[in-house]
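What follows is a single structure, written as C-alpha cells, with notes after it.
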Amino acid sequence: MEYFLQQLINALTLGAIYGLIAIGYTMVYGIIGMINFAHGDIFMVGGFIALIGFMICSLLGIGWAPLAIVLVLLLAMAFTSVYGWAVERLAYRPLRGSFRLAPLISAIGVSIVLQNFVQLAQGARPKPHASVITGSIKLHEADGFAVNLSYIQIVIMVVTVALMAGFTLLINRTALGRQQRACEQDMKMAALLGVDVNRTISFTFVMGAAMAAVAGMMFMMYYGVVDFFVGFLAGIKAFTAAVLGGIGSLPGAMLGGLLIGLIEVFWAGYFSTEYKDVAAFSVLVLVLIFRPTGLLGKPEIEKV
Amino acid sequence: MAVATARPAAPAGAPTGATFDWPAAAWDALVTGLLAGALGLFMVGFRTTDYGSAGLQFEYHLVDLLVACVAIFLGRLALTAAANGWPLVTFVIGAALLAAAQGLKLPSSFLTVVISMIGVALMLRALWVWLRRSSGGSAAIAGLSSSMGQGTQRLYPWFGAALLAFAVVMPFLPFADQKVMDLGILILTYVMLGWGLNIVVGLAGLLDLGYVAFYAVGAYAYALLSTQHGWSFWICLPVAGILAAMFGVLLGFPVLRLRGDYLAIVTLGFGEIVKIVLQNWVDFTEGPAGIGGIPGPTVLGHVFAEQAPEGKTTFHEWVGIEFSGNHRLIFLYFVILVLALITNFVTMRLRRLPVGRAWEALREDEIACQALGINPTNTKLTAFAIGAMFAGFAGSFFAAKQRFISPESFVFIESAIILSIVVLGGMGSQFGVVLAAILLIGLPEWFRDLGQYRMLAFGLAMVLIMVFKPKGLVSHRDPTVRLHPAGAG
C-alpha cells in the first residue's frame, strides 16, 4: 500500500511534466493539423536554458530558492519561446500549402538540427545539476516504508496546476484565445473576419514552447540532469499523451499526460524497468487502433 | 546561426529600382540579428563544461556569438538589398564578409568557415541578379531551365547506364583499395535501403520512420540462424527477407488505416520497440553486447579466408589465385550491387503493374481511390511488406559484411538518414536516390573532419529541401492524371 502511494505520487509528478509538453502538440495539431516533431527538442532546449539560468543565478549570488526559481522560470519561458517562434517562421510557415507530408519531414529535420546544435554547442555528455530544492514531507510510515512527498514534487504540481489554470483562462477569456479557437475551427473564415492568421499561429507555437520550457525546467530540477537527447523519448511520450487524451483537446492533453505518467511509473514499479518505454509505445499503438479520437477528442471528418 | 541566414528574402516579385526603404531594411536586419542573438545567448554564449569535482562551470563564447550576430545582420541586409534591386550592395557585403573571415582572426575555425560560406553565397546571389537583369542572360536562363527539364529527363537512362558501368568495373580499377571498396559497399547498402524505402514513401506516400526496424529484423535473422544453426548466407537471405516482410504485415495490418502523420509516429514507436527488445531480451539477442563471429557469405561453399576451416575450402585455393583480403570485399561489393539492382528492377516493374498504379493513386488521393474500389489497407500493406522485405535483405547483408551486430546499429537516426536520402533524391525517383546516397554517405565519409557537423547538415538539408525544392534534386515522376490541378491533395 505504501509502495503504491509512493508510486502514485511519482506518477502524478511525471504525468504533470508530460501533460505540459503534450499541450504544445495538441494545440499545434488543432490549429494547423501537423505533428510538430521538433516539440520534444524544444522541451530539451528549455531544460538547458533552465540549467544555464540556475548557474547564472548562483554566479550572481541569488541564493534564495523561490526567487531563483521564478527568475529562471521566466527566463526559460521567454527564451524558449523564441525557439518556438523561429522554428515555425523558418521551417513550417513556408510550407503551408505544400504537400501533406512536407511539414512533418521538415519537422524531423528541425528536430535533428536542434539536437545536433545543442550537442555541438554544449557537448554530448549529460549535464548534472545539484537540486535547487531539497527535502521532503513524510506523509505516512508503516512497516519501515515511508511515503515521501518531496518539495520539488510539490513545486512541480503547484506550478503545473497554476499554469493550466492561467492557460485555460487565456484560451477561454482573452481576445488572443478567441482568435486561436477561431483559427482552429476554420482558418479561412477567421482570416476573412479580420483575424491575423499568421500571428495567431505564431502565438500558438510561442505558447506551446513556453509550456515546454516549464516542463523542461521541471524535468531538469526533478531528475537533476539534462542532455541533448532527452527530448526524443519525452517528446514521443508526450505525443502519446496528446493522442490518448484526444488530439486537439487541451484538458485531454493533461489527462493523457497523467495517464501516461501512471502507466509508465506503475509498469516500471510492478513489472520491469527495461520495458517501460515499450509500455508507453504500446499504449500509443493501441489507442490509435481502437480509439483514434482519444478519450476526449472529437471525431475528425476527412473532407475531399 | 546558419538557420537564421536561410530565411527567404523579401518577396521575390518586389519592384526593382530606387524605391528601396533603407531604414526598414536595416531595422528588419537588426531584428533578425537580435533574434539570432536571443537564440544563441544561452546555448552558444555559455557553454557548460563538467570539471569533475568543481561541478559544471561556464566557458564563455559571447564574442563568437556577437561575431555571428553581426554576420547574420549583414547577411540579412544584403539579401533584402538583392531582392530590391541593389545587387552591388549585396556583392560588396559578401566580399567584405569573405575578406573579414579570411583576414581577421576569428575566435573559432567554425565561424571562419561559416562566415566565408555566407560571403560566397551572397556574392553568388548578387551575380544571379545581374545575370537575370541583362536581357541575354535572362533569356539564356529561361532557355536553359526549360531545355534542362526535358534534356535531363531524357538523359537519365544514359546517366544511369554510365553509373552502372562504372559501378561494375570500379573494383578492378587501380585506385580501388580496401577503403574505397568499403565506401562503395556502404553507399550501395544505403542505395538499396533508399530504393526499398522509396517504395513505401515515394510511391505509396506512407511516411515510415521505423524502417530501420525491418533492417534489424533481417540482420538479426541472419546472425542468429547462422551462428546458432549454421545456416548459410544464401539460405538465410530469402528467409530474412520473408521474415522482415512478415513483420511488415504484422505491424502494417493494424496501423495502416491511420492517417499519414499518425502512421509516421506509430512506425517510429515500432522502431523503438524493436530496438528496446533487442537490447533487453538478452537470452535471445545477447542484448547490448551484440552478436559477433557471424560467418560471411560463401561462393558455392568456398569461404574467404587465408586458412580454410575444418572441412571447407577457401576461395583462393578453389580459383587458384594468390590470397588477398580484398577478394572478400570485392565479392561483397558485387553481392550488394546485385541485390540493389534487383530492388530497382522489381520496383520499376511493380510500378507498371496495377498494384504500382494503385500505390501512386493512393498517394495522390486516398478518398478518390476508395471511391474507385481500391482497398487502401491491402494496397498499402503490399507496399509496406515489399519495402520491409528489401530492408530485410539489406539487413542480412549488413550482418554478413560486418560480422558483428548490436542494437546500436539500428537506432532512429539510421531511419532518418535513409529517409533524408529518399527526400533529397526526390520522392519516387530511383536515380535521385543514387545521387543522394553518394552525396549524403559518400561525402561525409570522405571528409572525416566534418563528421561532427554531419547530422546537423542532414537536418538542415531536410528542412531546406522542403522549403525551397520540395521535389528533391531530381523531381519525382508526376502522376499521369491529376484530380486537383495545383496538387492540393
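Residue numbers start from 1 in every chain, and the chains themselves are labelled A, B, ... in the order their sequence lines are given, proteins ahead of strands.
For a residue to count as touching a neighbouring chain, one of its non-hydrogen atoms must lie under 4.5 Å from one of that chain's; by this rule B/Gln57 touches chain A with the backbone only. Neither the backbone nor the side chain of B/Val201 comes within contact range of chain A; no heavy atom of the residue lies under 4.5 Å from a heavy atom of that chain. With a 4.5 Å cut-off on non-hydrogen atoms, A/Pro103 does not touch chain B at all. Interface remark: A/Ala86 contributes side-chain atoms only to the contact with chain B (heavy atom separation under 4.5 Å). Only the side chain of A/Phe79 comes within contact range of chain B, with at least one heavy atom under 4.5 Å from a heavy atom of that chain. Looking at A/Leu284, the atoms closer than 4.5 Å to chain B (heavy atoms on both sides) all sit in the side chain, from C-beta outward. If you measure heavy-atom distances from A/Leu95 to chain B, the contacts under 4.5 Å come from the side chain alone. At a 4.5 Å heavy-atom cutoff, A/Phe290 makes no contact with chain B through either its backbone or its side chain. Only the side chain of B/Phe412 has a heavy atom closer than 4.5 Å to any heavy atom of chain A. Interface remark: B/Leu251 contributes no atoms to any contact with chain A (heavy atom separation under 4.5 Å).
Using bins of under 30°, 30° to 60° and over 60° for the plane-to-plane angle, the ring pair B/Tyr60/B/Phe46 lands in the perpendicular bin.
For the set B/Thr49, B/Val266, B/Ile276, B/Leu41, the entry with the most heavy-atom pairs within less than 4.5 Å of chain A is B/Ile276. With chain A as the partner, the residue from B/Leu209, B/Thr48, B/Ile413, B/Ile273 showing the most heavy-atom pairs under 4.5 Å is B/Thr48. Of the listed residues B/Gly40, B/Gly459, B/Ser420, B/Ala461, the one with more heavy-atom pairs under 4.5 angstrom with chain A than any other is B/Gly459.
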### Message
Please determine whether ring pair (Phe, Tyr, Trp, His ring centres under 6.0 Å) holds for the pair A/Phe205 and A/Tyr92, giving the CA-CA distance in whole Å, both sets of side-chain angles, and the decisive distance to 0.1 Å.
### Response
CA-CA 11 Å; A/Phe205 273 85; A/Tyr92 303 154; 5.6 Å; yes

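No side-chain heavy atom of A/Phe203 sits less than 4.5 Å from a side-chain heavy atom of A/Trp85.
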